[in-house]
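A quick write-up on the structure given underneath.
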Amino acid sequence: MNDDSSPEIVIYADGACRGNPGPGGWGAWLRSGEHERELFGGERQTTNNRMELTAVIEALTALKRPSRVTIYTDSSYVKDGITSWIRGWKARGWRTADGKPVKNIELWQRLDALNAGHRVQWRWVKGHAGDPGNERADRLANRGVDSVG
């Protein structure tokens with residue numbers, strides 16, 4: 001599926017919400033060599049976690065072919081969920097360790113499928129700490145919030 005000739009892509013993804021729940025937005029900045037792309041969108045009534053997940057889902061959906069991807073997110077929820085927690089959730093029939101249904105299951109299932117189509121490295125970055133890629137994704141996420149009023 002993925003070999004060393006597949007493109008290398010760097011993605012910075014972020015979500016934002018004004019109120020939680022409330023109007024929310026997601027943003028992603030994709031870079032491969034000299035090429036870059038900005039994506040953003042929003043929902044009128046959502047949560048921050050849903051927007052964080054949607055940012056990486058939309059970024060991975062935008063890729064045209066299997067790729068080597070490094071995703072930077074300031075969401076421990078997203079990073080820990082996809083790299084650690086998801087194995088247990090799936091083994092327990094999409095239930096948490098205490099037996100409750102996994103929140104945002106449809107987004108996690110979509111992200112799981114997209115993640116499998118690429119060779120992804122997940123990186124956590126501290127939010128609002130001056131990382132240029134994270135700051136850019138944050139601005140895009142806020143544009144997403146603004147787009148829904």
Side-chain angles (χ1 to χ4, degrees), residues 1-90 94 96 102-149:
M1 171 181 55
N2 290 333
D3 58 33
D4 288 336
S5 66
S6 60
E8 288 186 62
I9 298 166
V10 173
I11 296 171
Y12 281 86
D14 200 13
C17 211
R18 296 190 186 133
N20 198 20
W26 58 269
W29 176 43
L30 294 72
R31 193 177 72 230
S32 180
E34 296 180 13
H35 303 283
E36 60 181 63
R37 186 171 175 195
E38 293 182 336
L39 304 170
F40 67 91
E43 295 179 18
R44 290 191 185 285
Q45 189 68 10
T46 189
T47 65
N48 189 64
N49 283 343
R50 290 185 68 80
M51 292 296 92
E52 295 282 0
L53 282 163
T54 300
V56 292
I57 289 168
E58 292 294 338
L60 289 171
T61 299
L63 302 181
K64 305 262 190 271
R65 62 181 189 245
S67 304
R68 289 177 290 152
V69 182
T70 302
I71 297 177
Y72 292 89
T73 176
D74 62 10
S75 172
S76 296
Y77 173 70
V78 171
K79 183 192 173 286
D80 293 345
I82 196 65
T83 62
S84 179
W85 305 337
I86 200 165
R87 285 186 291 281
W89 293 339
K90 288 163 67 171
W94 291 97
T96 63
V102 171
K103 290 182 181 175
N104 304 312
I105 185 173
E106 77 285 0
L107 296 176
W108 283 114
Q109 289 173 336
R110 191 159 169 222
L111 179 57
D112 186 39
L114 288 165
N115 189 56
H118 303 282
R119 194 162 55 195
V120 181
Q121 292 184 0
W122 292 88
R123 301 280 183 256
W124 180 83
V125 61
K126 184 174 174 61
H128 309 287
D131 180 286
N134 179 255
E135 297 295 333
R136 190 163 175 178
D138 181 68
R139 286 192 299 274
L140 290 166
N142 279 290
R143 281 177 65 187
V145 179
D146 292 341
S147 75
V148 295

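The structure displayed is predicted, hence computed values, not measured ones.
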Please enumerate all residues that pass side-chain contact (heavy atoms from CB on, under 4.5 Å) together with [X], with sequence neighbours excluded.
| X | answer |
| --- | --- |
| A113 | none |
| N104 | N49, R50, L53, Y77, L107, W108 |
| K126 | W124, A129 |

Can you tell me how far the [atom1] atom of [X] sits from the [atom2] atom of [Y], to the nearest 0.5 Å?
| X | Y | atom1 | atom2 | answer |
| --- | --- | --- | --- | --- |
| H118 | I71 | NE2 | CD1 | 8.5 Å |
| W89 | Q109 | CH2 | CD | 11.0 Å |
| T73 | K79 | OG1 | NZ | 10.0 Å |
| R31 | Y12 | CZ | OH | 6.0 Å |
| I86 | N115 | CD1 | CG | 7.5 Å |
| E8 | S67 | CD | OG | 10.0 Å |

Check your understanding: Name the one of T61, L30, L140 that satisfies side-chain contact (heavy atoms from CB on, under 4.5 Å) with L39?
Key -> L30
**Study point:** Donor-acceptor under 3.5 Å (D138 side chain, N134 main chain)
**Key:** no
Point to revise | Sidechain-backbone polar pair: D14 side chain, A141 backbone, donor-acceptor under 3.5 Å | key: no
Practice item. Please list, chain by chain and in numerical order, all residues satisfying side-chain hydrogen bond (donor to acceptor under 3.5 Å, both in side chains) with D146, sequence neighbours excluded. Key: R18
**Study point:** Set of residues satisfying side-chain hydrogen bond (donor to acceptor under 3.5 Å, both in side chains) with respect to K103, sequence neighbours excluded
**Key:** none
Check your understanding: What pairs with R136 under salt bridge (Lys or Arg N to Asp or Glu O under 4.0 Å), at least two apart in sequence or on another chain?
Key -> E36, E38
